[in-house]
Amino acid sequence: MLVFRVFRHFSAGYVEEVLGRGAAVVFQNGGRELGKEAGQMLYKPNTDDYLKEVVQFVRDSRIGILIPRQLDDKLLVVDLDECITCAGMASISKRICHFEVGFVAGITEILIKKKPKAYETKCGANGEGTCQVTVELG
């Protein structure tokens with residue numbers, strides 16, 4: 001449990017406090033690299049099969065509960081309940097799940113074979129009930 005508290009402390013602002021505005025990219029890049037590695041390991045040519053593998057990996061790794069909400073030619077939208085960064089946190093009125101955004105971007109990069117733009121559209125730490133990541137596919 002201590003590891004989660006330390007991770008949350010760093011995610012919630014310590015990195016920006018020490019390194020300055022925009023330092024959250026460190027967490028996002030780390031998540032992207034893990035997502036790419038996991039994506040290569042889990043890859044299936046069928047998109048539905050691939051997403052099922054990713055959903056199970058995220059749950060088994062205790063990153064959270066990944067719920068695909070939308071997938072079309074333009075967007076992938078996923079909710080991430082019980083997210084490792086902010087599950088159970090009181091609202092701090094900001095979105096802090098940079099690692100998870102990077103992770104989803106990384107698994108998507110393996111699927112679409114190019115680097116997508118990803119961003120957090122909801123966050124439990126922002127009082128929005130769940131974390132949500134939106135990825136622009138094209």
Side-chain angles (χ1 to χ4, degrees):
M1 199 58 153
L2 178 61
V3 171
F4 294 127
R5 287 186 188 140
V6 170
F7 186 77
R8 286 181 180 174
H9 177 72
F10 271 72
S11 297
Y14 181 75
V15 170
E16 284 187 0
E17 194 176 296
V18 172
L19 300 176
R21 192 167 158 83
V25 75
V26 171
F27 282 97
Q28 191 164 349
N29 286 343
R32 181 182 296 269
E33 290 304 312
L34 177 62
K36 286 170 37 180
E37 289 289 324
Q40 289 171 347
M41 188 175 65
L42 302 169
Y43 184 75
K44 303 278 187 235
N46 178 286
T47 301
D48 289 337
D49 292 342
Y50 177 60
L51 288 177
K52 285 178 188 173
E53 291 289 323
V54 170
V55 165
Q56 191 62 49
F57 175 83
V58 169
R59 182 181 294 262
D60 291 348
S61 301
R62 300 181 191 258
I63 295 170
I65 300 170
L66 191 70
I67 305 164
R69 295 291 181 198
Q70 177 182 344
L71 176 59
D72 56 39
D73 294 342
K74 296 180 182 181
L75 292 177
L76 168 65
V77 179
V78 298
D79 287 352
L80 186 60
D81 290 341
E82 299 182 28
C83 152
I84 191 173
T85 299
C86 73
M89 276 180 80
S91 176
I92 59 170
S93 301
K94 61 182 178 177
R95 294 181 177 151
I96 63 167
C97 298
H98 314 294
F99 170 81
E100 292 80 355
V101 170
F103 179 83
V104 173
I107 61 169
T108 304
E109 185 172 337
I110 297 303
L111 179 65
I112 66 171
K113 313 274 190 278
K114 64 180 182 178
K115 191 173 184 177
K117 180 178 179 185
Y119 44 91
E120 191 173 20
T121 45
K122 291 183 183 178
C123 185
N126 198 39
E128 295 167 299
T130 191
C131 295
Q132 185 176 77
V133 179
T134 298
V135 184
E136 296 177 9
L137 302 177

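In this text, all values refer to a predicted model and were calculated from it rather than measured experimentally.
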For K36 and R32: C-alpha separation, side-chain torsions, deciding distance, then whether side-chain contact (heavy atoms from CB on, under 4.5 Å) applies. CA-CA 6 Å; K36 286 170 37 180; R32 181 182 296 269; 4.1 Å; yes
Counting only N and O atoms by type, is there a donor-acceptor contact under 3.5 Å from the side chain of N46 to the main-chain atoms of D48? yes
Looking only at heavy atoms, what is the nearest atom pair of S91 and N126, with distance? OG-C, 3.6 Å
Rounding to 0.5 Å, atoms CE (M89) and SG (C123) come to a distance of 8.0 Å
Side chains of F103 and V133, heavy atoms from C-beta outward: is any pair under 4.5 Å? no
Please give me the minimum heavy-atom distance between C97 and T85, naming the atom from each residue. SG-CB, 3.8 Å
Do the side chain of R95 and the main chain of T121 share a donor and acceptor less than 3.5 angstrom apart? yes
Smallest separation among heavy atoms of P116 and E109, with atom names: CD-CB, 3.9 Å
So CZ of R62 and SG of C83: to nearest 0.5 Å the spacing works out to 15.0 Å
Might you point out which heavy atoms bring I107 and V104 nearest each other, and give the distance in Å? CG1-O, 3.2 Å
Output a table of donor-acceptor pairs, distance under 3.5 Å, between side-chain atoms of residues 71-79 and any protein atom two or more places apart or on a different chain; print 'none' if there are none.
unit_1	atom_1	unit_2	atom_2	d
D72	OD1	K74	N	2.8
D72	OD1	L75	N	2.8
D72	OD2	Q70	NE2	2.8
D79	OD1	Q132	NE2	2.8
D79	OD2	R69	NE	2.8
D79	OD2	R69	NH2	3.4

Is L42 linked to V58 within one hydrophobic cluster, defined over Ile, Leu, Val, Met, Phe, Trp and Tyr using a side-chain heavy-atom separation of less than 4.5 Å? yes
Nearest heavy atoms of T130 and L80, plus distance in Å: OG1-O, 3.6 Å
Linking I/L/V/M/F/W/Y whenever their side-chain heavy atoms sit closer than 4.5 Å, directly or via other members, would V101 and V55 fall into one cluster? yes
Please indicate whether Q40 has more than 12 foreign heavy atoms, meaning atoms of other residues, nucleotides or ligands, lying under 6.0 Å from its CD. yes
Taking the side chain from E53 and the backbone from K44, do they hold a donor-acceptor pair closer than 3.5 Å? no
For the pair Y43 and Y50, name the ring-plane relationship: parallel under 30°, tilted 30 to 60°, perpendicular over 60°. tilted
Heavy atoms of other groups near E82 CD, more than 12 under 6.0 Å: no
Honestly curious: do I112 and V54 fall in one hydrophobic cluster under the side-chain, below-4.5 Å linking rule? yes
G124 and C131: which non-hydrogen atoms are nearest, and at how many Å? N-SG, 3.6 Å
All pairs passing salt bridge (charged side-chain N to carboxylate O under 4.0 Å, His left out) where residues 113-123 contributes a residue, at least two apart: none
When clusters are formed by joining ILVMFWY residues with side-chain heavy atoms under 4.5 Å apart, either directly or through shared neighbours, do L137 and I110 land in the same one? yes
Between F57 and L66, does the side-chain contact (heavy atoms from CB on, under 4.5 Å) criterion hold? Intermediate values first, please. CA-CA 9 Å; F57 175 83; L66 191 70; over 6 Å; no
